[in-house]
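Accompanying notes for the structure given below.
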Amino acid sequence: QVRLVESGGGSVQSGGSLRLSCVPSGYTYSRYAVGWFRQAAGREREGVAVIDIDGVTSYADSVKGRFTISRDNAKNTLYLEMNSLKPEDTAMYYCAAEGYCSGSWCLDPLGGKFGFWGQGTQVTVSS
């Protein structure tokens, strides 16, 4: 059974930084797409950052220049480095794997056809 486990969330002040990690069990990250998504209270889940099947990264406009997605194949871990955090970044953050997509299409939670999802880690940014 595949599980994706996120960690690294927490509460920070505006301008602060956090690094999220996603470690799978029963699964090895491969050439398929992986990504980070978030869902704020009362809003739909949205794509934050993804690595597509060609290894190309894409970011939501709202996080460009502040967030960085990376994958360490040796540690089988997916990361999301988040800097200059803003209150509007407050959300539950989810990692996803086994996606079949290219480019910014991967930022669509449904369009990316991700096969596995984590349970989420909460990020709260106060002003």
Side-chain angles (χ1 to χ4, degrees):
Q1 183 178 359
V2 175
R3 288 184 64 211
L4 302 182
V5 181
E6 303 97 335
S7 62
S11 297
V12 296
Q13 291 191 326
S14 181
S17 298
L18 286 172
R19 187 176 77 160
L20 306 183
S21 299
C22 180
V23 179
S25 62
Y27 179 80
T28 300
Y29 289 124
S30 62
R31 64 179 296 271
Y32 295 115
V34 292
W36 289 95
F37 297 78
R38 67 186 181 187
Q39 187 166 14
R43 301 187 65 176
E44 293 186 353
R45 189 170 297 190
E46 63 176 358
V48 176
V50 295
I51 303 174
D52 74 8
I53 58 175
D54 297 315
V56 177
T57 58
S58 295
Y59 295 89
D61 288 342
S62 59
V63 306
K64 282 181 181 176
R66 300 188 298 122
F67 290 12
T68 303
I69 186 173
S70 62
R71 177 174 55 198
D72 187 329
N73 291 330
K75 295 182 178 180
N76 199 32
T77 303
L78 181 68
Y79 299 102
L80 183 67
E81 187 76 35
M82 305 186 295
N83 297 314
S84 302
L85 283 162
K86 305 175 181 180
E88 50 264 44
D89 294 317
T90 295
M92 185 72 79
Y93 282 72
Y94 301 88
C95 65
E98 198 81 358
Y100 294 83
C101 53
S102 295
S104 59
W105 186 247
C106 295
L107 289 170
D108 184 321
L110 294 178
K113 300 180 181 179
F114 290 92
F116 305 120
W117 290 84
Q119 294 300 305
T121 184
Q122 179 67 38
V123 171
T124 303
V125 185
S126 58
S127 57

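Hydrogens, waters and symmetry mates are skipped; everything else that's a heavy atom, side chains included, is used.
Sorted by first and then second residue, the pairs that involve residues 19-35 and meet side chain to side chain donor-acceptor pair (under 3.5 Å), not counting sequence neighbours, are Tyr27-Glu98. For the salt bridge (Lys or Arg N to Asp or Glu O under 4.0 Å) condition, the pairs that include at least one residue of residues 33-46, sequence neighbours left out, are Arg38-Glu46, Arg38-Asp89. Residue pairs meeting the side chain to side chain donor-acceptor pair (under 3.5 Å) criterion with at least one partner in residues 78-88, sequence neighbours excluded, are Ser17-Asn83. Every pair passing disulfide (SG to SG under 2.5 Å) that includes a residue from residues 6-82 is listed here, sequence neighbours excluded: Cys22-Cys95. The side chain to side chain donor-acceptor pair (under 3.5 Å) pairs that include a residue from residues 108-118 number zero, where partners must be two or more places apart or lie in different chains. The disulfide (SG to SG under 2.5 Å) pairs that include a residue from residues 48-81 number zero, where partners must be two or more places apart or lie in different chains. For residues 96-127, the pairs satisfying disulfide (SG to SG under 2.5 Å) are Cys101-Cys106, with sequence neighbours left out.
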Does the pair Tyr59 and Leu107 meet the rule for a side-chain contact (heavy atoms from CB on, under 4.5 Å), with working shown?
-> CA-CA 8 Å; Tyr59 295 89; Leu107 289 170; 5.9 Å; no
What do the steps show when you test Leu18 against Phe67 for side-chain contact (heavy atoms from CB on, under 4.5 Å), and what is the final call?
-> CA-CA 10 Å; Leu18 286 172; Phe67 290 12; over 6 Å; no
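Taking both residues in full, the closest heavy atoms of Val34 and Ile69 are given as O-CD1, 4.3 Å, listed atom of the first, atom of the second, then distance. For Pro87 against Ser127, the heavy-atom pair with the smallest separation is CG-CB, 3.9 Å.
The side-chain heavy atoms of Leu78 and Leu4, taken from C-beta on, include no pair separated by under 4.5 Å. Taking 4.5 Å as the limit, some side-chain heavy atom of Met82 sits within range of a side-chain heavy atom of Leu20.
Contacts of Val23 classified as side chain to side chain contact (heavy atoms under 4.5 Å, CB included), with partners at least two apart in sequence or in another chain: Thr77. The side chain to side chain contact (heavy atoms under 4.5 Å, CB included) check on Thr124 picks up Ser11, Thr90, Gln122, with sequence neighbours excluded. Scanning for ring-ring contact (aromatic ring centres under 6.0 Å, His included) contacts around Tyr93 gives an empty result, with sequence neighbours left out.
Between the side chain of Glu6 and the backbone N or O of Gln119, at least one donor-acceptor pair lies under 3.5 Å.
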Result block: side-chain N/O donor-acceptor pairs under 3.5 angstrom for residues 50-58, not counting sequence neighbours:
unit_1	atom_1	unit_2	atom_2	d
Asp52	OD1	Asp54	N	2.8
Asp52	OD1	Gly55	N	3.0
Asp52	OD1	Val56	N	2.9
Asp52	OD2	Gly103	N	2.8

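Phe114 pairs in a ring pair (Phe, Tyr, Trp, His ring centres under 6.0 Å) with only one of the listed residues (Phe37, Trp36, Tyr100), which is Phe37.
Following chains of ILVMFWY side-chain contacts shorter than 4.5 Å, one can reach Phe116 starting from Val48, so the two form part of one hydrophobic cluster.
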